[in-house]
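Convention: sequence-line order gives letters A, B, ...; per-chain numbering from 1.
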Protein chains: 2
Amino acid sequence: MERQKTDVRQEQIKSAVLDIIYTDGLKNLSTRKLAERIGMSEGTIFRHFKTKQDIVLSIIKDVQTDFIGNLRKIANSSSSPSERLERLLCATVTYLTENRGITMLLFSEATQKNDRELKENLQNIFNNQKSLASKIVLDGIALGIWDESTDVEQVAMLYMGIPVALNIELVFAGGVFHRENFCSRMMILLLKILER
Amino acid sequence: MERQKTDVRQEQIKSAVLDIIYTDGLKNLSTRKLAERIGMSEGTIFRHFKTKQDIVLSIIKDVQTDFIGNLRKIANSSSSPSERLERLLCATVTYLTENRGITMLLFSEATQKNDRELKENLQNIFNNQKSLASKIVLDGIALGIWDESTDVEQVAMLYMGIPVALNIELVFAGGVFHRENFCSRMMILLLKILER
DNA sequence: ATATTATGTAAGTAATCGCTTACAAAAGTA
DNA sequence: TACTTTTGTAAGCGATTACTTACATAATAT
């Protein structure tokens, strides 16, 4: 195999990890299978990452940068709260449906007993989504657009359940998803909760 | 170890499985650890269950009998749709918070590539919850209590997200949960969606 | 040009895993 | 009472796992 710089290989490895998680599930991810998928020797993997766990951690940090970073921009934009909430939800749905390996990884790992660093990073991803949704709801209330008696904590929790439920549906449906209406349909429900 | 009948041992084994899943996570469940937890030899486990997977499958079938069975009774009772929906939700929340091992098992396995039988049984549990919730919403609409333009499919999906989101919160919060208000607070949101 | 670093590899290591085997003896049946 | 079935066990099996080791050589630095 031709030599490549470590950053190239790391991307390759991470990409193959997500591919395997998607096709075979996290529990069937082994360094042997990973090496075969890429077409490299097993030892090479450990040239570029110290441990298997480090690969997973690296992916999760990518998610924080890419996904959460994008959500943060949306939540902090100057659009109306309704628009922001819809764009937040749609960005979430889009990201998770287009990155099925990541979705599977996040939700698989969320219910495992992991080491502290991994757990904290995972928690960060979930908590950030929740607090960005809360912020938007609070903004809408502060602007007098939404009902000030709204239970923001529960709305945020209900919001958090959407991608998770969607993921489970996708798993059982074998990845079939018609998303063209999903966001707007769900937003109708959320707005009904929020309206004065 | 004193001899016991196979049904006694099976209960013991299943109970210990759930305990380990709760304390250590599904991925750290081994027959060795299981045997130690109970205080029996590893071989004994295979006197009572053919494979490790069979233990998990047996637990999942128990969930269908106990949990889904109970939910079905609630959904089919003669109470008002509102009351039924609240009792359905509360029974779900109660069951899942009081059976943390089962909750962890269900959501861990939901994102894995399992054999067909296990997958079908899991799917059954999730689908039954969803269709029971849908049935109640449809009843409410048919009785003219709730808005007939309600998107029942999306409401059911939103409903399905609640226990899942709750589970993730519990995992990260280390099992701390104050449930005395949870159902009623969430029902306020759901009823707001449903009202005419 | 030489020395050092980075990258790839095949083989090997120690540990763990689910499960079986051979033995033992309690419990059940006729 | 004799035979069969059920239940428990220690040791072992074959497979898999994450990772290391020793070697090789391309790429980079001086």
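Following rounding to the nearest Å, E42(A) (CD) and dT20(D) (P) show an atom-to-atom distance of 12 Å. One interatomic measurement links the two molecules: CZ of F46(A) to C1' of dA10(C), which rounds to 15 Å at whole-angstrom precision. Protein atom CE of M40(B) is 12 Å distant from nucleotide atom P of dA10(D), rounded to whole Å. The distance from atom NZ of K27(B) to atom P of dT16(C) is 16 Å, rounded to the nearest whole Å. If you measure from atom CD1 of I45(A) to atom P of dA6(C), you get 20 Å, rounded to the nearest angstrom.
By the rule that hydrophobic residues join a cluster once side-chain heavy atoms approach within less than 4.5 Å of another member, F49(A) and M1(A) end up as members of one cluster.
Residues E2(B) and T31(B) each lie close to DNA chain C; by heavy-atom proximity, the contact nearer the 5' end of the strand is made by T31(B). The nearest heavy atom of DNA chain C to L29(B) and to R47(B) marks one nucleotide each, and the one closer to the 5' end goes with L29(B).
At least one side-chain nitrogen or oxygen of R9(A) sits closer than 4.0 Å to the OP1 or OP2 atom of dG8(C). Between dT9(D) and S41(B), a contact under 4.0 Å exists linking OP1 or OP2 to a side-chain N or O. Side-chain nitrogen and oxygen atoms of K5(B) include at least one within less than 4.0 Å of the OP1 or OP2 phosphate oxygen of dG28(C). In this model, the phosphate group of dG8(C) is approached by a side-chain N or O of H48(A) to a distance below 4.0 Å at OP1 or OP2. Distances shown here put a side-chain N or O of T44(B) below 4.0 Å from the OP1 or OP2 atom of dT9(D).
Ion pairing between K130(B) and E169(A) holds under the 4.0 Å rule for side-chain N and carboxylate O.
For the residue pair K61(B) and N124(B), no side-chain donor N or O sits within less than 3.5 Å of a side-chain acceptor on the partner. Side-chain contact check for R84(A) and N76(A): no donor-acceptor pair (N or O, by modelled atom type) lies under 3.5 Å.
No hydrogens or angles were tested; on distance alone, nothing pairs the side chain of R3(A) with the base of dG8(C) as donor and acceptor under 3.5 Å.
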